Peer 1: 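The structure is given below, and queries will be raised subsequently.
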Amino acid sequence: MNPHSLLLNLSLLKTNPAFRAVFLARFISIVSLGLLGVAVPVQIQTLTGSPWLVGLAVTLTGGAMFIGLISGGVLADRHERKRLILIARSTCGLGFIGLFINALLPEPSLVAIYLLGLWDGFFGAIGVTALLAATPGLVGRENVMQAGAITMLTVRLGSVIAPMIGGLLLASGGVAWNFGLAAMGTFITLIPLFSLPRMPAPQMQREHPLRALLQAFRFLLSNPLIGGVALVGALLTMASAVRVLYPALANHWQMSASQIGFLYAAVPLGAALGALTSGRIAHTAMPGRVTLATTVAAFLAVGAFGVMPLWGLAVVCLALFGYLSAISSLLQYTLIQTQTPDDMLGRINGLWTAQNVTGDAIGAALLGAFGTLLTPAASASVSGLGLAVMGVLLALLLNELRRFRQPAPQAAQSS
């Protein structure tokens, strides 16, 4: 592999059968979840005509995911991870079948949609956490950055493509098609996942789950490197909540309905470009310093987004935010996967992923509060610049993260 290559190295898909199986399962899963992401809000809106009840479904599912991530971290550090992934995926598939059956009823149940959303959010999060904890063992810690970049590229492109497919299905056959195909896709993912090797949990002292979780919190507080990564990740996730201002800012820029889509597509497309061009970043000697720099720059991009005079320039700012946040997130992921002890990987991955849920919710709440006092454009700028100031302060305070130096590869040392 050429360490000076700018483009992402995809060789892991060819050389590692286990990662190839995970990649295939994840791609199918992303498409399936994209079908659901379109169908659930459309069905609730059709049944109730209430945007508030649509939002309630998102909130409930997010809460279930948060609990699942925390619980899944403890489970992944205690139980064989392949079995945990298969059970979680199968259970989610049953929930999708429930949504399919409910959609076929003459009068679909709103309560059933909410309950099945809780079910799928909880068990889906358990599967995600177990897979994150298993990744270093599947690909080797030296390949974690490459695996994370390939995964991010898949997820970001899938987040653009899958909803489009879901919309076409809705137009042709209704929500039942979406739910049925999502269930089918979820069960198909079990085929490649069955080929994975056994992934036993590391040997650790058996203790009460709450005590095990408390131990993970203590690790975060006592480890300045991993704890610093978690703080930076929480702030970056808060910045991503700027999307709640898109509709209001579209009116500010007098954008048409078709043009609004550019705002929503800009961040994932920028992130996909960041993952695609992350080849050189994987070999940076000072990953903590690059993480802090790209995070602060991403916040400045959000601050600039709100003051752009033309919506085209605003889209460029969002794409830049997506690119910079992707680089920062990849480095965060790599530091956590390579610097966390194996017997803590499940819990720390669960906590790190859970902050995506909480950070986004906090960011959305803060932007809502700003909206009562400021214009949408000013709210975006104030939030971005405020986070940039906090990022600079963290860069000054987090000495361990800023000074961390990645060990040179063995090949480079021998040469």
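Predicted, not measured: the structure shown is a model, and the values here were computed from it. One-based numbering along the sequence shown.
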Peer 1: Hey, do the aromatic rings of Trp253 and Phe305 have their centres closer than 6.0 Å?
Peer 2: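 Yes; Phe305 has its ring centre under 6.0 Å from that of Trp253.
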Peer 1: Taking all atoms of both residues into account, what is the closest heavy-atom pair of Asn178 and Ala39, and its distance?
Peer 2: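 In terms of heavy atoms, the two residues are closest at CB-CB, 3.6 Å.
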Peer 1: Look up atom CG in Leu398 and atom CG in Leu393, then write down how far apart they are to the nearest 0.5 Å.
Peer 2: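 Between Leu398 CG and Leu393 CG, I get 10.0 Å after rounding to 0.5 Å.
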Peer 1: Could you check whether any side-chain N or O of Ser381 sits under 3.5 Å from a backbone N or O of Gly303, counting only pairs where one atom can act as donor and the other as acceptor?
Peer 2: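 Yes; judged by distance alone, with no hydrogens or angles, the pair exists.
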Peer 1: If I take atom CG from residue Leu335 and atom CZ from residue Phe404, how far apart are they, to the nearest 0.5 angstrom?
Peer 2: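 One gets 6.0 Å once the value is rounded to the nearest 0.5 Å.
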Peer 1: Can a donor-acceptor pair be found, under 3.5 Å and without considering hydrogens, that links the side chain of Arg26 to the backbone of Thr154?
Peer 2: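 Answer holds: no.
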Peer 1: Please give me the minimum heavy-atom distance between Ala57 and Ile44, naming the atom from each residue.
Peer 2: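 Closest approach of Ala57 to Ile44, heavy atoms only: CB-CD1, 3.5 Å.
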Peer 1: Heavy atoms only: give me the nearest Arg89-Ala25 pair and the separation to one decimal.
Peer 2: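 Scanning both residues completely, I find the closest heavy atoms to be NH1-O, 4.0 Å.
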Peer 1: Tell me if the CZ atom of Phe27 is crowded by more than 12 foreign heavy atoms within 6.0 Å.
Peer 2: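 Open: at most 12 neighbouring heavy atoms sit under 6.0 Å from CZ of Phe27.
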Peer 1: Any donor and acceptor pair, going by atom type alone, linking the side chain of Ser383 with main-chain N or O of Ala380 inside 3.5 Å?
Peer 2: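 Confirmed, Ser383 side chain pairs with Ala380 backbone.
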Peer 1: I need the minimum non-hydrogen distance between Arg81 and Asp342, along with the two atoms involved.
Peer 2: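 Looking at all heavy atoms of both residues, the closest pair is NH2-O, 3.6 Å.
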Peer 1: Under a 3.5 Å distance rule, please check whether Arg20 uses its side chain to pair with a backbone N or O of Lys14 as donor and acceptor.
Peer 2: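 Yes, Arg20 side chain to Lys14 backbone: donor-acceptor pair under 3.5 Å.
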Peer 1: Hey, does the side chain of Asn349 reach the backbone of Leu345 with a donor-acceptor pair shorter than 3.5 angstrom?
Peer 2: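 Such a contact is found between Asn349 side chain and Leu345 backbone.
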Peer 1: With Leu351, which of Leu69, Thr129, Leu220, Ile226 fulfils side-chain contact (heavy atoms from CB on, under 4.5 Å)?
Peer 2: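 Going through Leu69, Thr129, Leu220, Ile226 one by one, the side-chain contact (heavy atoms from CB on, under 4.5 Å) with Leu351 is satisfied by Leu220 alone.
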Peer 1: Measure the spacing between CH2 of Trp352 and OG1 of Thr237 and express it to the nearest 0.5 Å.
Peer 2: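 The distance works out to 8.5 Å.
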Peer 1: Any donor and acceptor pair, going by atom type alone, linking the side chain of Thr186 with main-chain N or O of Ala182 inside 3.5 Å?
Peer 2: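 Yes; judged by distance alone, with no hydrogens or angles, the pair exists.
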Peer 1: Closer than 3.5 angstrom, by distance alone: can the side chain of Asn102 be matched with the main-chain N or O of Ile113 as a donor-acceptor pair?
Peer 2: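 It does not hold such a pair.
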Peer 1: Just by distance, do the side chain of Gln337 and the backbone of Leu132 share a donor-acceptor pair under 3.5 Å?
Peer 2: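 Flag set: sc Gln337 to bb Leu132 pair under 3.5 Å.
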Peer 1: Is a donor on one side and an acceptor on the other found under 3.5 Å between the side chain of Arg141 and the backbone of Thr338?
Peer 2: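 A pair under 3.5 Å: yes.
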Peer 1: Quick check: does any side chain N or O of Trp311 sit under 3.5 Å from a backbone N or O of Leu249, one acting as donor and the other as acceptor?
Peer 2: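 No, Trp311 side chain to Leu249 backbone: no donor-acceptor pair under 3.5 Å.
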